[in-house]
Each structure stands twice: as structure tokens, then as C-alpha cells.
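See structure below.
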Amino acid sequence: MKKNINTEIQILINRYNNGEFNDVLKKISLLVKDFPKNDFLWNLSGLSFQKIGNIKDSITSFQNAIQANAKNYAAHNNLALSLKYSKDYREAERILKELLKNNPNYLNAIVNLANLKNDTYFFEEAITLYERAIKIEPNSSQIYVNIAHILQTQNKIEEAKAFLIKALKINQNFARADELLSRLTNYNDSKNDEHLSEMLNKLKNPNLDEDSKARIHFSLGKGFEDKKDYEKSFHHLQEANYLRSKKSRSSIEFYKKKADDLKKFFSNFNLNSLKVNKNDKKKIFILGLPRSGTTLLEKIISSHSKVSTVSEIGFVFDEITKSIISNGLIDENKINIFIQTDLDKKYQSALDNFNVKNEFIIDKTLTNFWYIGFLKIFFPNSKIIHSYRNPKDNCLSIYKNYIPTNEKWPFDQKEMSEYFLIYQDLMKFWNQLFKDQIYNSKYENLIRDKEKHIREIIKFCELEWDNNCLNHHKNNNPIKTLSINQANKPIYESSINSSKFYEKKLSKLFNSLENLN
């Protein structure tokens with residue numbers, strides 16, 4: 001029997017490595033009936049649940065593994081990781097610290113604790129832990145990239161670039177390092193031609209995986225755009241988006257239904273029926289599409305002496321989504337139960353884990369635009385700022401970047417235009433429903449008349465004026481986002497009407513956007 005279970009485990013490992021996570025889970029559910037104390041099976045079950053995004057069941061699996069074998073340190077580490085994903089930072093940290101008491105050199109636990117500290121803005125603690133990890137494993141490119149991310153967040157650009165170069169010396173094909181380095185590099189300066197050539201040569205490597213190829217193509221697209229060689233730039237952007245779209249799933253029909261269901265529910269919902277006694281004036285939600293100017297707003301407002309940011313924390317969006325959706329559909333019964341809960345208190349408890357000291361907190365989770373109705377229920381006195389820009393420029397900017405998602409719409413011209421229509425229509429609905437309660441910040445207006453619009457925004461947030469907001473690029477307040485390098489610079493107009501260079505190349509997308517408007 002022992003030989004049989006070992007054979008079964010090897011088959012499961014092979015299937016797991018091939019990405020057959022649902023098949024692994026089905027098989028394990030049968031095997032644990034005969035082998036309920038097999039901690040390896042439970043740990044592999046937890047890892048598979050993690051991979052398909054079922055964090056709740058992954059936690060149960062890891063707990064079962066630990067119950068079967070308290071010395072399964074991998075299960076402890078993986079449990080902490082799932083708890084972190086579910087935003088239970090305190091318990092995740094407790095488990096990792098306990099692990100490191102018993103195993104001071106357990107690399108995975110050190111790195112995961114560093115990642116947790118990074119996520120919650122304890123940057124110096126995170127860097128100390130990453131440096132501790134490097135002493136144990138000096139050839140980990142990923143750790144150097146993690147440090148570079150923190151340094152970039154702190155606006156220490158040259159230091160960040162130095163760590164990325166170290167990562168590439170260890171592993172020249174580590175495309176994540178190339179991608180981040182390309183964002184921090186101006187290729188209009190010929191001294192950076194060497195990196196462009198290196199990336200072009202990497203594409204010749206037959207062993208480079210498709211995700212790495214996509215990252216390199218996005219980086220080259222940015223590089224050749226810096227050089228104003230738009231033909232070459234688009235060639236690489238097209239290749240990058242093709243590679244990303246191949247392994248992405250279409251969710252457009254889901255989003256159409258989701259938008260319709262939300263509009264139907266809130267059209268018939270009386271917000272005045274809820275008893276409101278909440279002290280939430282000091283929460284500022286910035287939302288909109290990716291690449292719409294939200295990071296610039298975040299940088300400007302968080303430059304105020306009374307404001308901190310937790311950037312794209314995702315807590316509220318995730319809590320609402322898992323509470324109102326059943327089998328891929330919005331469930332009104334679940335909504336009616338959910339709106340009676342204390343999401344505001346759960347959110348504050350999550351925020352208490354972050355190293356933010358100021359009175360006002362910015363949440364820049366972009367996808368919160370889906371749930372403005374719920375923001376008004378749970379945070380009725382909060383400030384909601386919607387950032388938007390020229391549709392062509394916005395969609396082009398999305399198309400030019402590696403967006404971390406498994407969905408197809410950021411990489412496919414037709415789907416992007418459809419998603420934009422859904423977003424635009426839903427925002428029109430929220431603005432009609434909550435007249436004058438949403439500040440709609442047009443990116444182009446903010447760029448062209450900076451002081452006027454910044455003063456309006458600060459007034460809308462019910463903050464006293466602070467001149468630091470006009471000099472946001474001089475402040476090193478940490479911002480975590482794709483656009484941080486641009487937001488750390490003075491306001492510039494070069495991004496306005498940038499779509500004109502790609503009119504013919506993106507005609508399918510742009511024609512659809514013109515029809516929408």
C-alpha cells in the first residue's frame with residue numbers, strides 16, 4: 001500500500017507541475033479518505049487551492065497538514081501565505097515568526113515575511129529581511145528585484161536600477177528585472193542602447209518562456225517609443241499583447257451581466273433606509289481604469305501632510321466580490337445579507353496592520369469603480385475620486401503595459417473597447433445616482449491647469465490647503481503602482497494625445513471607441 005501511495009503522489013506532483021490543479025484536487029479528495037493523516041497530500045491540496053484562487057479551502061488544507069504533522073514546516077509557511085492573501089496579516093506574521101524561531105535560516109519563511117512587511121509598508125524591515133535572505137541564497141534574482149521594487153516605491157531610482165542590474169547578472173533571462181528596469185530607463189539617451197540590444201538578443205533564446213517573451217516585448221515597445229521609432233515600438237507591443245492574450249480568458253459577458261445586475265439592484269435600493277453612524281470622512285477612494293491618471297492623483301493628494309496611502313490594497317473590492325457573487329453571478333439575497341455586515345470595521349482592522357500614520361488614508365484600488373454603491377453604503381462620508389482621460393490615450397496606455405491579470409480585455413483590441421463601454425456606462429450610472437458625491441477628475445484638465453484642479457480636489461477632500469500638493473514630485477512618500485516613475489516627475493503634457501502615433505495600428509480599437517462616444 002505504501003508503494004501505491006508513493007506512486008500516486010508522484011503522479012499528482014507531475015499533474016501539479018503541468019497546471020492540472022482541479023484534477024489534482026479531485027484525486028486528493030479520494031486519496032485522503034484512505035490516507036487522512038498524509039500531510040503531504042493535504043499540503044499539495046492547499047497549494048492547488050491557492051493556484052485556482054480558492055484561499056479559504058487552501059487554509060483548511062494546510063491546517064489539516066499541520067494537524068497530521070506539526071513539523072511540516074512547508075505547510076506552516078504555505079498557511080501563512082494564504083492568510084496573507086486573505087489579508088489576515090497578523091496571524092500570517094505570527095506563524096512566520098514562529099517558524100523562524102525554530103528554523104532561523106528557512107529561506108521561504110524569511111522571504112515571505114519580507115514580502116508581508118513590504119505589502120504593509122514596513123519597508124526598512126522588509127529590506128533587512130531580504131538582505132538576510134541574500135546571505136543564505138546570494139543567487140536569487142527575485143530577491144534583488146523585490147528590493148528594487150521597494151527602492152522604486154521610495155523614489156530611490158538609481159539604487160533600484162543597481163539592484164535590477166545585479167538581478168540580471170545572476171540570471172540574464174529574468175525578464176521581470178528587464179521589465180522593471182525598462183520603466184526606469186530613458187532609451188532616448190543612446191547610452192542605454194546596450195540594454196535594448198541585450199533584450200533583442202534574449203528573444204532569440206528558444207528556451208525563453210512565453211511570459212518572459214511578453215515582458216521583453218513590452219519593454220522593447222517602451223524603449224523604441226522613447227526613441228520615437230513607433231513602427232518598431234508597435235511591432236513589439238503587438239507581439240507582447242498577442243502572447244498575453246493567448247493564455248487569457250474572456251470575461252466580457254460576465255462583466256456585462258455584472259454591470260446590469262448592479263444597476264438593477266441600486267436603481268431600486270433606498271440608501272436612506274440604512275442607519276448611518278459612521279466616522280469615515282478620512283477615507284479617500286481613488287478609482288478608474290488602469291493608466292487613467294489615478295497614480296498622479298494619489299501622489300498629489302498623499303503629498304498632503306495629513307494624508308497617507310495604502311495604494312491598491314484591494315481589500316474592499318475582494319470582500320464585496322466574495323460576499324455578493326455566487327457561481328459567477330451576483331446574488332441579491334447575498335447582497336441583502338452582506339449590507340448588514342460591518343465591512344467598515346473589518347476594513348479598518350486591515351488598515352491597522354499598515355505602517356501608515358496620518359489621519360486620512362487613500363485607497364487606490366482601481367476596480368472599486370464597480371462597487372461605488374457599496375462604498376456609499378459602508379463608507380457614506382468617504383471621498384470618492386474618479387480619474388478618467390481621453391479614451392484613446394487611456395486604452396493605448398493599457399495596451400503598452402504588462403497588466404498583471406489572467407483576463408483578456410487588456411490585451412485584445414475588441415475586448416478592450418467592450419470593457420471600456422461597460423466601465424463608461426457604469427460610471428455614468430453612478431454619477432447620476434450620486435450627483436455631486438463623486439469628484440470626476442479629467443486627466444487632461446489636471447495636466448493643463450494644475451493648481452486650479454489640485455485646489456479643487458483638496459477642497460473636495462475637506463482638507464486644508466497644503467503647498468506640498470503642488471510639489472508632489474519632490475516628496476518621497478511611498479507609492480506602489482505601475483506608473484510610479486511618471487508620478488515622481490513634474491506634471492508633463494507629453495502623454496496627452498499620444499495615441500496619434502498609433503492611429504492606424506490600433507484602428508480597430510480606436511474606431512470602436514469613437515463609436516462608443
Side-chain angles (χ1 to χ4, degrees), residues 19 21 50-55 81-82 84-87 111-112 115-116 118-119 141-143 145-146 148-150 152-153 160 164 167 174-184 208-222 236-237 239-252 254-255 286-292 294-295 298 309-318 321 363-370 394-412 415-416 419-420 423 478-487:
F21 307 118
Q50 274 186 351
K51 289 292 187 181
I52 64 172
N54 186 341
I55 301 305
L81 201 55
S82 282
K84 189 192 82 162
Y85 291 151
S86 62
K87 307 294 192 294
V111 171
N112 283 333
N115 291 342
L116 186 151
N118 183 5
D119 288 351
S141 294
Q142 183 62 63
I143 297 173
V145 169
N146 291 350
H149 270 293
I150 293 177
Q152 181 200 19
T153 295
L164 293 170
F174 194 56
R176 289 184 182 182
D178 285 303
E179 181 200 359
L180 185 54
L181 184 59
S182 73
R183 292 186 212 155
L184 306 179
L208 198 65
D209 64 85
E210 289 195 342
D211 185 75
S212 296
K213 286 179 183 176
R215 291 177 188 270
I216 296 292
H217 278 300
F218 276 118
S219 302
L220 288 167
K222 191 264 183 189
H236 289 289
L237 294 177
E239 286 296 314
N241 281 281
Y242 168 71
L243 289 169
R244 292 288 282 135
S245 66
K246 273 173 62 178
K247 293 188 176 181
S248 302
R249 67 180 188 274
S250 175
S251 300
I252 291 299
F254 165 75
Y255 285 128
I286 299 175
L287 43 81
L289 286 183
R291 315 295 299 172
S292 63
T294 54
T295 301
E298 179 187 17
T309 178
V310 291
S311 285
E312 298 176 38
I313 180 175
F315 182 88
V316 172
F317 179 84
D318 290 344
T321 298
D363 179 329
K364 201 205 75 165
T365 303
L366 304 183
T367 47
N368 278 338
F369 79 81
W370 282 100
N394 195 167
C395 289
L396 169 63
S397 191
I398 293 170
Y399 192 80
K400 290 194 299 186
N401 284 277
Y402 184 104
I403 306 294
T405 179
N406 291 323
E407 297 186 356
K408 192 173 184 178
W409 73 264
F411 315 114
D412 180 89
E415 292 221 356
M416 192 186 297
Y419 187 85
F420 190 93
Y423 145 79
I479 299 287
K480 286 186 176 184
T481 186
L482 188 67
S483 312
I484 181 59
N485 197 39
Q486 294 97 315

Nearest-0.5 Å distance that lies between atom [atom1] in [X] and atom [atom2] in [Y]:
{"X": "Asn118", "Y": "Ile150", "atom1": "CG", "atom2": "CD1", "answer": "4.0 Å"}
{"X": "Glu407", "Y": "Glu415", "atom1": "CD", "atom2": "CD", "answer": "9.0 Å"}
{"X": "Tyr242", "Y": "Asp412", "atom1": "OH", "atom2": "CG", "answer": "12.0 Å"}
{"X": "Lys84", "Y": "Ile55", "atom1": "NZ", "atom2": "CD1", "answer": "10.5 Å"}
{"X": "Arg291", "Y": "Cys395", "atom1": "CZ", "atom2": "SG", "answer": "12.5 Å"}
{"X": "Met416", "Y": "Asn241", "atom1": "CE", "atom2": "CG", "answer": "6.5 Å"}

*If the plane angle is over 60° it's perpendicular, under 30° parallel, otherwise tilted; pick one for Tyr419 and Phe369.*
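Plane angle over 60°, so perpendicular.
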[X] and [Y]: which non-hydrogen atoms are nearest, and at how many Å?
{"X": "Glu298", "Y": "Thr309", "value": "OE2-OG1, 2.6 Å"}
{"X": "Thr365", "Y": "Gly314", "value": "OG1-N, 2.9 Å"}
{"X": "Asn115", "Y": "Asn146", "value": "OD1-ND2, 3.5 Å"}
{"X": "Leu366", "Y": "Pro290", "value": "CD1-CA, 3.4 Å"}
{"X": "Glu179", "Y": "Tyr402", "value": "OE2-CB, 3.3 Å"}
{"X": "Thr294", "Y": "Leu289", "value": "CG2-O, 4.4 Å"}

*When you look at Val111 and Gln142, which way does the side-chain contact (heavy atoms from CB on, under 4.5 Å) test go after all the steps?*
CA-CA 10 Å; Val111 171; Gln142 183 62 63; over 6 Å; no
Do side-chain atoms of [X] reach the backbone of [Y] as a donor and acceptor pair under 3.5 angstrom?
{"X": "Lys222", "Y": "Ser182", "value": "yes"}
{"X": "Ser248", "Y": "Lys408", "value": "no"}
{"X": "Asn368", "Y": "Ile286", "value": "no"}

*Looking at side-chain heavy atoms only, is the closest gap between Leu116 and Asn112 below 4.5 Å?*
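Not in contact.
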*Is there a side-chain contact between Leu164 and Val145, using heavy atoms and a 4.5 Å cut-off?*
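When only atoms from C-beta onward are counted, Val145 and Leu164 do touch, with a gap below 4.5 Å.
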*Using a cut-off of 6.0 Å, state whether more than 12 heavy atoms not belonging to Lys213 lie near its atom NZ.*
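Yes, because the 6.0 Å sphere around NZ of Lys213 holds more than 12 heavy atoms from other groups.
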*Within 6.0 Å of CZ in Phe254, more than 12 heavy atoms from elsewhere*: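 Atom CZ in Phe254 is packed in, count exceeds 12.
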*Can you pull the salt bridge (charged side-chain N to carboxylate O under 4.0 Å, His left out) pairs that have at least one residue in residues 239-248, sequence neighbours excluded?*
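Found Glu210-Lys246.
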Could you list the residues that satisfy ring pair (Phe, Tyr, Trp, His ring centres under 6.0 Å) with [X], not counting sequence neighbours?
{"X": "His217", "answer": "His236"}
{"X": "Phe411", "answer": "none"}
{"X": "Phe315", "answer": "Tyr347"}

_Restricting to side-chain hydrogen bond (donor to acceptor under 3.5 Å, both in side chains), what partner residues turn up for Ser82, sequence neighbours left out?_
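Per chain and number, Ser82 pairs via side-chain hydrogen bond (donor to acceptor under 3.5 Å, both in side chains) with Gln50, Ser58.
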*Name all residues meeting the salt bridge (charged side-chain N to carboxylate O under 4.0 Å, His left out) criterion together with Asp178; count only those two or more places apart in sequence or in a different chain, and write none if there are none.*
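In terms of salt bridge (charged side-chain N to carboxylate O under 4.0 Å, His left out), with neighbours along the sequence ignored, Asp178 is linked to Lys202.
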